[in-house]
Amino acid sequence: MAQMNPKYSVLFEPVRIGPVTAPNRFYQVPHASGMTEANPRVRAAFRGTKAEGGWGVVSTGAVSTHPSSDDSPLPFGRLWDDNDIKSHTLATDVIHEHGSLAAIELWHGGASVMNRTSRLVGYSPSGLPWAATHVGFMGHQRPRVMDAKDIRDVIHWQVEAARRARAASYDIVYVYAGMGYLGYEFLIEEYNQRSDAYGGSVANRVRFVRELLEATKEAVGEDCGVALRISLEELRAKPSEHYASEAHEVVALMADLPDLWDVKMDSSPTDCGASRFRPEGAHEPVIEFVKQATDRPVVGVGRFTSPDTMVSQINRGVLDLIGGARPSIADPFLPNKIREGREDEIRECIGCNICISSWHDGVPVRCTQNPTAGEEWRRGWHPEKVPAAGSDCRVLVVGSGPAGLEAALTAARRGYEVTLAERKEELGGRLLFETRLPGLSAWGRVRDYRLQALQQMGNVDIYPGSEMQADELLAMEHGHVLLATGSRWTRHLYSSLEIPVGRLEQPGVYTPDNLAAGIVPEGPVLVYDFDNFYMGGVVAEFLARQGLQVSYATPAGHASAWTVMTNEQPFVHRMLHDLNIELFTLSLLTRHTGETATLENIFSGAPREVAARSVVLVGHREPEDEVYQALMAREAEFRDAGIRSVSRIGDAMAPGALVHAVYSGHLHARLLDEPNDPGYLRDIQIGVVPPGPAYPD
Ligand code: ADP
Ligand code: SF4
């Protein structure tokens with residue numbers, strides 16, 4: 001086995017956090033998983049896999065201390081009474097089995113939660129709703145202004161939850177003062193307009209968080225480390241009379257109170273930025289001062305996937321513990337791979353934020369790079385281990401996009417002899433074009449990770465420049481054929497009632513496929529986007545950066561409307577503005593004359609003409625499955641050809657995002673020689689019989 005590179009040994013030093021000791025510096029910081037008390041086994045296996053992979057500390061996502069912190073329909077954990085302890089113990093047990101520490105992020109959402117299920121009135125320092133102008137957070141009831149009893153109550157709920165956390169065997173208990181939640185609302189002057197001892201000066205605004213920390217330490221501090229998670233972006237931007245900023249003052253006032261400082265940014269788009277707009281290590285300019293201001297260890301994140309960057313963070317005195325959320329999802333075995341000298345095998349996060357979108361969707365996490373994320377218990381999938389091949393059949397994969405590469409790799413790892421055929425001279429499928437688009441180069445990691453692994457395997461033959469048709473497939477003598485032939489963009493248009501109204505087939509109308517083929521449309525160009533994910537916005541940027549005059553129209557209310565799910569949307573709008581790309585929302589494209597395009601308001605029908613010699617349509621994709629159809633038409637010949645199974649996978653089956661293609665490739669490779677897809681196990685809440693009237697039979 002390869003040895004660890006000695007320059008990385010610093011990453012494997014233990015770190016003391018109050019009364020407990022982290023076995024190394026790899027710290028899976030709290031992050032949303034979309035897993036709640038409703039699926040405790042899914043959650044335990046997801047977190048436990050990270051401990052198995054070497055993360056020295058493994059944390060929960062937000063765990064509510066009381067029904068007045070109810071984020072529904074967004075998913076959150078709960079520790080409201082003793083009935084909730086058991087489902088947490090499932091996770092702490094498995095985390096401890098692997099020698100890691102378990103941390104719990106206790107959380108009160110204050111004015112940022114709407115308590116839609118509990119129907120309790122929210123809590124806030126001064127009655128101001130949080131994120132009141134954000135569609136996803138809007139509510140119609142303002143939060144109450146907390147009085148002295150309310151403050152005592154919230155602290156009491158934190159203490160009770162901390163005691164339950166200890167009973168559930170957590171080693172580190174958090175106080176949360178970040179991301180718009182209650183503790184943070186007290187810290188920020190504009191939200192905290194109180195005139196009592198909890199408002200006004202920074203020392204007063206810190207008081208609530210200080211009391212939460214002191215009470216938590218008193219309750220569980222002998223057994224558990226007490227961590228403070230705090231957002232410093234806004235505070236850092238505020239001048240302070242005696243310190244470099246209010247952030248410096250806040251940290252100085254509580255310097256050695258918590259056993260651990262967990263420092264971060266304030267909003268999801270800046271804290272967990274997509275790689276398209278935010279580089280690795282983007283938090284450093286905001287949080288780099290904290291270590292100088294405290295003797296307590298500091299953890300922070302930055303989508304770190306390179307061990308050299310991690311070592312640099314430690315050696316330059318920025319962090320003591322390398323926080324990972326997305327890198328730990330994309331590769332739960334990242335620490336072990338570094339320890340075993342296999343850092344070139346790390347499956348690096350690409351920063352696409354599909355994982356975050358799962359939380360916004362209210363469902364368990366999905367990951368583009370790691371198809372096993374969330375499936376550890378449901379399907380029994382391990383990120384590093386696959387079942388042995390079910391036969392000595394050879395496997396032919398056609399197409400080298402994300403689906404084909406993942407299928408080929410998984411089948412090869414199972415021990416099958418694999419042939420990968422690709423029509424083009426270069427491998428990568430849709431990634432060939434997409435990674436050339438502005439900000440998307442990191443997505444190349446989807447291809448590079450898989451290709452690098454495949455190229456080192458003795459049981460894999462790769463044939464670029466090999467177009468496969470039904471005749472060739474029947475002659476290849478492979479038992480299993482997986483067709484990953486991708487998809488193409490169409491020229492479909494839709495009405496305001498979402499009804500297809502035919503295709504815009506005429507000169508001067510293009511799709512992203514034409515741009516991928518090297519066509520440069522004649523300006524001015526209108527990009528018309530009802531795909532609503534990244535492609536429309538990124539194509540507009542791509543064309544504008546080539547010097548073309550570009551406008552962008554969409555039937556949605558925002559540009560790249562769905563990217564609100566991946567934290568990209570604010571940056572998309574900023575980019576359109578910075579590049580002078582005129583934006584038309586709520587607009588349906590109805591006509592293109594060759595000189596102008598007609599846009600109609602989706603509600604009023606009012607038309608407007610926009611100068612556009614060319615239109616790029618970013619709407620629907622359809623499967624490119626002609627080879628599959630041709631092959632299936634000759635099913636009678638399969639037996640003589642030695643073909644046992646034929647499947648279309650990825651976009652050739654159902655066009656989707658990269659995450660769907662990778663998942664599809666992985667699933668189908670796991671299913672080779674399985675007569676049926678066994679499906680997945682259904683998780684259920686750990687049995688609690690609530691008090692109250694029995695439900696009639
Ligand atoms: P997915 O996202 O499902 O992986 P992609 O569009 O990224 O799909 O990749 C599909 C790949 O399949 C492309 O590289 C394309 O060139 C290749 N391909 C399509 N048809 C054939 C064929 N008949 N023979 C070989 N390769 C093909
Ligand atoms: Fe990284 Fe994307 Fe996976 Fe999230 S979904 S962990 S951003 S690769």
Side-chain angles (χ1 to χ4, degrees), residues 31-33 272-276 278 280 303 305 324-332 334 347-359 365-374 396-408 419-435 442-443 445-447 449-450 463-473 481-489 512-513 516-517 565-568 621 623-631 648-666 668:
H31 73 78
S33 67
C272 189
S275 60
R276 184 175 160 198
R278 310 277 295 179
E280 199 170 335
R303 202 164 43 76
T305 55
R326 289 173 292 175
S328 75
I329 301 172
D331 196 341
L334 181 151
R347 197 170 39 240
E348 291 181 287
C349 166
I350 66 167
C352 62
N353 281 2
I354 285 294
C355 47
I356 318 288
S357 80
S358 325
W359 179 66
V365 72
R366 294 161 290 202
C367 173
T368 300
Q369 275 285 55
N370 176 12
T372 69
L396 173 61
V397 179
V398 181
S400 67
L405 288 173
E406 175 64 22
T419 306
L420 175 61
E422 166 58 51
R423 170 170 69 189
K424 296 203 177 115
E425 291 302 332
E426 250 190 292
L427 305 177
R430 58 190 278 192
L431 290 166
L432 287 177
F433 173 56
E434 295 190 20
T435 54
W443 291 17
R445 292 170 172 184
V446 171
R447 172 196 54 212
Y449 162 74
R450 290 167 178 81
Y463 296 99
S466 305
E467 173 141 8
M468 308 299 288
Q469 299 298 342
D471 280 340
E472 285 91 33
L473 296 172
V481 180
L482 296 172
L483 293 159
T485 48
S487 63
R488 62 175 81 83
W489 292 90
D513 292 329
M565 307 294 273
T566 51
N567 288 344
E568 288 161 87
R621 284 184 290 147
E624 195 167 325
D625 64 352
E626 289 77 4
V627 180
Y628 172 79
Q629 302 298 352
L631 187 60
R648 358 164 225 188
I649 63 174
D651 292 331
M653 167 74 130
L658 298 181
V659 64
H660 301 112
V662 172
Y663 186 88
S664 171
H666 191 83
H668 283 89

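Whatever order the structure lists ligands and atoms in, that order sets their numbers, starting from 1.
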Checklist outcome for this item: When rounded to the nearest 0.5 Å, the distance separating SG of Cys367 from CD1 of Ile329 is 6.5 Å

Checklist entry - Hey, is Ser466 touching ligand 1 through its side chain, its backbone, both or neither, going by heavy atoms under 4.0 Å? => result backbone

Next on the checklist: For Pro332, is there any backbone N or O sitting under 3.5 Å from a side-chain donor or acceptor partner on Asn370?
Outcome noted: no

Item to check | Proximal ligand 1 atoms for Val627, defined as those under 4.0 Å from one of its heavy atoms | outcome: 23 (N)

Next on the checklist: At under 4.0 Å between heavy atoms, is it the side chain or the backbone of Ala484 that contacts ligand 1, or both, or neither?
Outcome noted: backbone

Next on the checklist: Checking the side chain of Arg445 only, and the main-chain atoms of Cys349 only, is there a donor and an acceptor separated by less than 3.5 Å?
Outcome noted: yes

Item to check | Test side chain to side chain contact (heavy atoms under 4.5 Å, CB included) applied to Ala652 - qualifying residues, sequence neighbours left out | outcome: Thr485, Arg648

Checklist entry - What is the closest protein heavy atom to atom 8 (O) of ligand 1, and at what distance does it sit? => result Gly486 CA, 3.3 Å

Next on the checklist: Quick check for you: to the nearest 0.5 Å, what is the distance between Ile354 atom CD1 and Thr566 atom OG1?
Outcome noted: 6.5 Å

Checklist entry - Taking only residues two or more places apart in sequence, or in another chain, which ones meet Glu626 in a salt bridge (Lys or Arg N to Asp or Glu O under 4.0 Å)? => result Arg488

Checklist entry - Closest heavy-atom contact between Arg366 and Ser358? => result N-OG, 3.1 Å

Checklist outcome for this item: So the atoms of ligand 1 within less than 4.0 Å of a heavy atom of Glu467 turn out to be 24 (N)

Next on the checklist: Does ligand 1 come near enough to Arg430 that some N or O of the ligand is less than 3.5 Å from an N or O of the residue?
Outcome noted: yes

Item to check | Residue Gly429 vicinity, atoms of ligand 1 by number, heavy atom under 4.0 Å | outcome: 7 (O), 9 (O), 13 (C), 14 (O)

Checklist entry - Out of curiosity, Met653 CE to Leu483 CG, how far, rounded to the nearest 0.5 Å? => result 11.5 Å

Checklist outcome for this item: So OG of Ser466 and CD of Glu422: to nearest 0.5 Å the spacing works out to 8.5 Å

Checklist entry - Which residue holds the protein heavy atom closest to atom 4 (O) of ligand 1, what is that atom called, and what is the gap in Å? => result Ala403 N, 2.8 Å

Checklist outcome for this item: Ranking Arg488, Glu422, Arg423, His660 by closest non-hydrogen atom to atom 13 (C) of ligand 1, top hit is Glu422

Checklist entry - Charged N to carboxylate O under 4.0 angstrom, Arg447 versus Glu426? => result no

Checklist entry - Can you find an N or O of Leu431 that's nearer than 3.5 Å to an N or O of ligand 1? => result no

Checklist entry - What is the nearest protein non-hydrogen atom to atom 3 (O) of ligand 1, stated with its residue, atom name and distance? => result Asp651 N, 2.7 Å

Item to check | Residue and atom name of the nearest protein heavy atom (relative to atom 23 (N) of ligand 1), distance in Å to one decimal | outcome: Met468 O, 2.8 Å

Item to check | Heavy-atom proximity to atom 9 (O) of ligand 1, best of Gly650, Gly399, Gly401, Gly428 | outcome: Gly401

Item to check | Donor-acceptor contact below 3.5 Å, side chain Asn353 vs main chain Glu568 | outcome: no

Item to check | Val398: numbered ligand 1 atoms lying under 4.0 Å from its heavy atoms | outcome: 22 (C), 24 (N), 25 (C), 26 (N)

Checklist entry - Just by modelled atom types, is the Pro327 backbone N or O under 3.5 Å from a matching donor or acceptor in the Arg303 side chain? => result no

Next on the checklist: Just to be sure I'm reading this right: ignoring hydrogens, which of Leu432, Thr485, Leu427 gets closest to atom 21 (C) of ligand 1? Compare them by their nearest heavy atoms.
Outcome noted: Thr485

Checklist entry - Looking only at N/O atoms, are Pro402 and ligand 1 under 3.5 Å apart anywhere? => result yes

Item to check | Main-chain N/O of Ala330 paired with Arg347 side-chain donor or acceptor, under 3.5 Å | outcome: yes

Next on the checklist: Using the salt bridge (Lys or Arg N to Asp or Glu O under 4.0 Å) criterion, which residues pair with Asp471? Sequence neighbours excluded.
Outcome noted: Arg634

Checklist entry - Do you know how many protein N, O or S atoms are within a distance smaller than 2.8 Å of atom 4 (Fe) of ligand 2? => result 1

